[in-house]
Amino acid sequence: MSLPHAILTALLEKPSSGLELTRRFDKSIGYFWSATHQQIYRELGRLEEAGLIRELPSEQPARGQKKEFEVLPAGSAELARWVGGSQDPKPIRDPLLLRMRAAGVVGPGGLTAELRRHLELHRRQLAEYEAIEAKDFPPERRSTDEDRLRRLVLRGGIGLETFWLHWLEEAIAEVADMTPPAANASEA
């Protein structure tokens, strides 16, 4: 149920077309809630049918024109209801963690390279988040409540990336310290 709420949030921030939403998802909301172009367009149709958003009237004929959408009062009310509700955390479904578990059964062959690749990906993501923080939330800037909440979300991302860096460094060290499976078999 979160994709419609992510779209409502983005449209309340700024009325947009589906293409603009897709681009904005790639630059902000997509860091923690991803959606494809098709999913966004499908959800826009559902939200419009439900009376939560509407297409903005265009000044020119609609043929070839981007449809822009805005949130209606019912959409704002739905988003406020959702924000005030509760939802349990979702279990982590990460293929790397499953691969680590499988390595316990079949041996860690090749795992170190994948752990190092993930470490580099998380380093880049952390650097990107820190650059966004420096650009969008400099210490001298006076923050609005909206800015403060956006920064908290960003700080959450920074914290998660920092966690992954520490965990991956620990995992790489642990795997490097393991006895190769062939040596274990000959000792048995």
Would [X] and [Y] show up in the same hydrophobic cluster when neighbours are defined by side-chain heavy atoms closer than 4.5 Å?
{"X": "L149", "Y": "I7", "answer": "no"}
{"X": "V83", "Y": "V153", "answer": "yes"}
{"X": "L160", "Y": "L126", "answer": "no"}
{"X": "L72", "Y": "F69", "answer": "no"}
{"X": "V71", "Y": "W33", "answer": "yes"}

Is the shortest side-chain N to carboxylate O distance from [X] to [Y] below 4.0 Å?
{"X": "D145", "Y": "R148", "value": "yes"}
{"X": "R81", "Y": "E78", "value": "yes"}
{"X": "R150", "Y": "E13", "value": "yes"}
{"X": "R117", "Y": "E120", "value": "no"}
{"X": "R124", "Y": "E128", "value": "no"}

Heavy atoms only: give me the nearest [X]-[Y] pair and the separation to one decimal.
{"X": "I29", "Y": "A6", "value": "CD1-O, 3.7 Å"}
{"X": "L79", "Y": "H5", "value": "CD1-O, 3.6 Å"}
{"X": "E133", "Y": "R155", "value": "OE2-CD, 2.9 Å"}
{"X": "S2", "Y": "Q87", "value": "OG-OE1, 4.3 Å"}
{"X": "I53", "Y": "E48", "value": "CG1-N, 3.5 Å"}
{"X": "L8", "Y": "G75", "value": "CD1-O, 3.8 Å"}

L119/R123 under side chain to side chain contact (heavy atoms under 4.5 Å, CB included): CA gap, chis, key distance, verdict: CA-CA 6 Å; L119 181 65; R123 279 187 181 135; 3.4 Å; yes

Separation of [Y] [atom2] from [X] [atom1] (nearest 0.5 Å):
{"X": "L115", "Y": "E170", "atom1": "CG", "atom2": "CD", "answer": "11.5 Å"}
{"X": "L11", "Y": "S17", "atom1": "CG", "atom2": "OG", "answer": "9.5 Å"}
{"X": "E49", "Y": "L44", "atom1": "CD", "atom2": "CG", "answer": "11.5 Å"}
{"X": "L12", "Y": "E70", "atom1": "CG", "atom2": "CD", "answer": "9.5 Å"}
{"X": "I40", "Y": "L19", "atom1": "CD1", "atom2": "CG", "answer": "9.5 Å"}
{"X": "T162", "Y": "W167", "atom1": "OG1", "atom2": "CH2", "answer": "15.5 Å"}

H37/L21 under side chain to side chain contact (heavy atoms under 4.5 Å, CB included): CA gap, chis, key distance, verdict: CA-CA 9 Å; H37 188 79; L21 281 173; over 6 Å; no

Stepwise, does the salt bridge (charged side-chain N to carboxylate O under 4.0 Å, His left out) test hold for R23 with E20? CA-CA 5 Å; R23 289 179 179 150; E20 290 167 337; over 6 Å; no

Plane angle bin for Y31 and Y129 - parallel if under 30°, tilted between 30 and 60°, otherwise perpendicular: perpendicular

Checking side chain to side chain contact (heavy atoms under 4.5 Å, CB included) for the pair H118/W164: CA distance, chi angles, key distance, verdict? CA-CA 9 Å; H118 277 255; W164 279 111; over 6 Å; no

Derivation and outcome, side chain to side chain contact (heavy atoms under 4.5 Å, CB included), residues L168 and L96: CA-CA 10 Å; L168 285 161; L96 181 62; 3.8 Å; yes

Using modelled atom types and a 3.5 Å cut-off, is there a donor and acceptor pairing between side-chain atoms of [X] and backbone atoms of [Y]?
{"X": "R151", "Y": "F137", "answer": "no"}
{"X": "Y41", "Y": "T36", "answer": "no"}
{"X": "R24", "Y": "K14", "answer": "yes"}

In the structure I gave you, are the side-chain heavy atoms of D147 and R141 within less than 4.5 Å of one another anywhere? yes

